[in-house]
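Read through the structure below, which is laid out as structure tokens, and then see the notes.
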Amino acid sequence: MSQKPFYITTTLPYVNSDPHIGFAMEIIRADVIARAKKLDGYEVFFNTGTDEHGVKIYQKAFNSNEDTQVFVDRYVVKFKELKSVLGLSDDIHFIRTTDKQHVAAAEEFWRRCDKNGFIYKKLYKTKYCSGCELEKTDTELNEEGRCFIHPTLDLLLIDEENYFFKFSAFQQKLLDLYRSNPTLVVPDFRFNEIKAFVERGLEDFSISRLKTKMPWGVPVPSDADHVMYVWFDALTSYISTLGWPDDTKTFDTFWKNGTPVQYCGKDNLRQQSAMWQAMLMSVDLPPTHTIVIDGFVTGDGGVKMSKSLGNTVDPLDIVKEYGVDALRYYVCRELSPFEDSPFTMDKFKEAYNAHLANGIGNLTSRIMKMATTNLTSAPEIPSKSIPTEFMDALGVFNTQAAANIVWEHISAADRIIQEKEPFKLIKTDTDAAIEIIKDLCVRLYTIGRMLNPIMPQTSELLKKLVKENKMPEQPLFLRK
RNA sequence: CGCGGGGUAGGGUAACGGUAACCCGUCAGGCUCAUAACCUGAAAAUUGCCGGUUCGAUUCCGGCCCCCGCAACCA
């Protein structure tokens, strides 16, 4: 029996700063889904990587007087380290948009798109602030359309020839796709948002930059004066990582005949569920199966995290102090799967003590203490015991609902110990007490099984302890 | 009338047409297997405001008031 294929990818983070908690959240969630699918018998292709082109990186490297490639290489190391820091799947794929294979794929994508008539050249007016000596985008201008730093200066409009993508040609096709694919975007309210956006009408967007101004990008085929705009290049990574266009076997298995899933933050809704889908159509490739949009991690009170406010949290620090599984737990259960969620160290500590130290950690100690003192060997473990609701919740990307099921099982076991008092019963009715303890061991094993996608290390440890009928060498999660 | 999300016990969140659930905190019991952990119970919410639909609304509809994102060539 050949395994069913499953492909899931994160957004490729832009490597102009260190990995932040928002991306850690996204990739942990994707990893949980990837592990759950593996547990369910799928052959999983799990992808992440780094987005390394574009003006911001070019400028930052330039400002620090560093070769751009050296600059990105330095950052990529930090992102690759996430694999061990966050306990990600061993076989995760990592694509860099500077990889030769990706660059070739992006160029081929462009060629096909162009051949199909969806790329054209037109004059594009850029806004230039002579004070900053920089081009400005609308988001970098104030309400009157003036530079924040130099509001008294008039912006200069400079004509520049750019290549454009005929996004507007895909309005109806996108709406048809949305209609025929009712689970394309999860959750529903994000799907509604993108539908409304497309219904309002689409504007073609620029997909190239003049090389003289910004050389750090994939060259535009057949025009040495331009490089691709970073988005056009980065989005194609979702298929270049699968070997497109050369490795048709891998691509066909996981994308064409599979159910490709893209995980991203809400700031990526438009790019992934509209622009990228249109781009795929333009080269006659099938659409993404599901795009999962999660919210932002915010500071206390729902305010944006920012270094100036001092309310940022570093995933590395958390892992150092509390361990990988504690962070994974928090992401899965304490943060909303689709809405914005506040993240503070106080909340984290509170949840850690309540649910990891007092919850699963303490439960493990009390069950295994009774087991090791009263059982001669591990009880028989049923071959399957994961409740279907658990897998169903993960199937709709609701890690919170899934984790809640696990913690209901933990509470139930604590209650059973209190109500049946096997530690007391053992003195009067040994056989009955042994049966209760065996049942508790099986319950703990089942909890271990369910924790596999969410907290892989804890999962393995729980299963090992029950199977070998051993006390943990030290408490699983020490109170902080 | 640009688009979307939210306003639920002291704090943080869940549920979403039919006794409003959970965590932290507070109070009172219990237990001793366990990481001063665990269990039971109590106090505490007219579910932002005003109308409507309904036998019944936190949940559906309309209006209003606040908060937060986004508003495309920023990634």
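In this text, all values refer to a predicted model and were calculated from it rather than measured experimentally.
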With the side chain defined as heavy atoms from C-beta on, A354(A) is closest, among C3(B), C24(B), A72(B), to C24(B)
Shortest non-hydrogen pair, M455(A) vs L356(A), comes out as CE-CD2, 3.7 Å
Quote, to the nearest angstrom, the P distance that separates U46(B) from G4(B). 31 Å
(Q) On the nucleotide A37(B), are OP1 or OP2 found under 4.0 Å from the side-chain N or O atoms that R479(A) carries? (A) yes
Q: Kindly assign one of parallel, tilted or perpendicular to the pair F165(A) and F205(A), based on the angle between their ring planes and the thresholds 30° and 60°.
A: tilted
Quote, to the nearest angstrom, the C1' distance that separates G12(B) from A45(B). 15 Å
Between K211(A) and D225(A), does any NZ, NE, NH1 or NH2 come within less than 4.0 Å of an OD or OE carboxylate oxygen?
no
Across every strand shown, the nucleotide meeting Watson-Crick or G-U wobble geometry with C16(B) (both distances under 3.5 Å) is none
| Between N192(A) and G4(B), does any side-chain N or O lie under 4.0 Å from OP1 or OP2? | no
Would you please confirm or rule out a distance under 4.0 Å between OP1 or OP2 of A75(B) and any side-chain N or O of Y229(A)? yes
Whichever of A196(A) and K369(A) has the more 5' nearest nucleotide on RNA chain B, that residue is A196(A)
As its Watson-Crick or G-U partner within any shown strand, both distances under 3.5 Å, C64(B) has G48(B)
task: Give a yes or no on whether the ring-centroid distance for F232(A) and F109(A) is below 6.0 angstrom.
output: yes
Winner on side-chain proximity to Q271(A), out of G69(B), A75(B), A14(B), is A75(B)
Tightest non-hydrogen contact, residues S336(A) and R29(A), listed as O-NH2, 2.9 Å
U54(B) -> Watson-Crick or G-U wobble partner, both distances under 3.5 Å, gives none
Do F423(A) and the base of C33(B) stack face to face, with centres under 5.5 Å apart and an angle between planes under 30°? yes
>> Between the side chains of K122(A) and D204(A), is the shortest nitrogen-to-carboxylate-oxygen separation below 4.0 Å, so that they form an ion pair?
In response: no
For U40(B), does either OP1 or OP2 sit under 4.0 Å from a side-chain N or O belonging to R415(A)?
-> yes
Exercise for review: Rounded to whole angstrom, note down the P distance from A72(B) over to G2(B).
Suggested key: 15 Å
In whole angstroms, the gap separating P of C23(B) from CZ of R333(A) amounts to 9 Å
Between CG of N404(A) and P of A15(B) the distance, given in whole Å, is 9 Å
From CD1 of I293(A) across to C1' of C70(B) the rounded distance in Å is 13 Å
Regarding the side chain of E193(A), the nearest nucleotide among G4(B), U13(B), A75(B) is G4(B)
If I pick the C1' atom on G7(B) and the same atom on C50(B), what distance separates them, to the nearest angstrom? 16 Å
How is N362(A) classified with respect to the nucleic acid when contacts are heavy atoms under 4.0 Å: base, sugar-phosphate, or nothing? base
In whole Å, measure the gap between the P atoms of C61(B) and C67(B) for me.
24 Å
Separation between CD (Q262(A)) and CD1 (I8(A)), nearest 0.5 Å, reads 10.0 Å
**Message:** Using the C1' atom as the point on both nucleotides, what is the distance between G56(B) and G18(B), in whole Å?
**Reply:** 7 Å
>> Does I437(A) reach a base, just sugar-phosphate, or nothing at all? Heavy atoms under 4.0 Å.
In response: nothing
What does G265(A) touch in the nucleic acid at a heavy-atom separation under 4.0 angstrom: a base, only the sugar-phosphate, or nothing?
nothing
note: W407(A), atom CH2; A14(B), atom P; distance rounded to Å ~ 18 Å
**Asked** Quantified in whole Å, what is the C1' atom distance between nucleotide C22(B) and nucleotide U47(B)?
**Response** 16 Å
Whole-Å distance, I194(A) CD1 to G2(B) P, equals 19 Å
*Are any of K424(A)'s side-chain N or O atoms less than 4.0 Å away from OP1 or OP2 of U32(B)?*
yes
Ranking G12(B), A75(B), G5(B) by distance to the side chain of P342(A), first place goes to G12(B)
Only residue of T430(A), T428(A), D429(A) satisfying side-chain contact (heavy atoms from CB on, under 4.5 Å) with I426(A) is T430(A)
Checking G12(B), C33(B), A71(B) against the side chain of K347(A) (C-beta onward), the nearest is G12(B)
(request) Would you classify G361(A) as touching base, sugar-phosphate or nothing, given that sugar-phosphate means primed atoms plus P, OP1 and OP2, and contacts are heavy atoms under 4.0 Å? (result) base
Check your understanding: If you measure from the C1' atom in A20(B) to the same atom in U32(B), how many Å do you get, rounded?
Key -> 35 Å
N353(A) atom CG is separated from C24(B) atom P, nearest whole Å, by 10 Å
Checking all strands, does Y14(A) fall into the base, sugar-phosphate, or nothing category for heavy-atom contacts under 4.0 angstrom?
sugar-phosphate
Rounded to whole Å, CD of Q272(A) lies from C1' of A75(B) at a distance of 12 Å
In Watson-Crick or G-U wobble terms, with both distances under 3.5 Å, the base opposite G41(B) is C27(B)
Looking only at C73(B), A34(B), G69(B), the nucleotide nearest the R366(A) side chain is A34(B)
Answer for the Watson-Crick or wobble partner of C70(B), both distances under 3.5 Å, is G2(B)
For U8(B), the nucleotide meeting Watson-Crick or G-U wobble distances (both under 3.5 Å) is none
Per nearest nucleotide of RNA chain B, the residue lying toward the 5' end, E203(A) or F189(A), is F189(A)
Here the distance between atom P of C31(B) and atom CD of Q418(A), to the nearest Å, is 9 Å
- [ ] Before giving the answer on ring pair (Phe, Tyr, Trp, His ring centres under 6.0 Å), spell out for Y322(A) and F348(A) the whole-Å C-alpha distance, their side-chain angles and the decisive distance to 0.1 Å.
- [x] CA-CA 10 Å; Y322(A) 292 92; F348(A) 187 90; 4.8 Å; yes
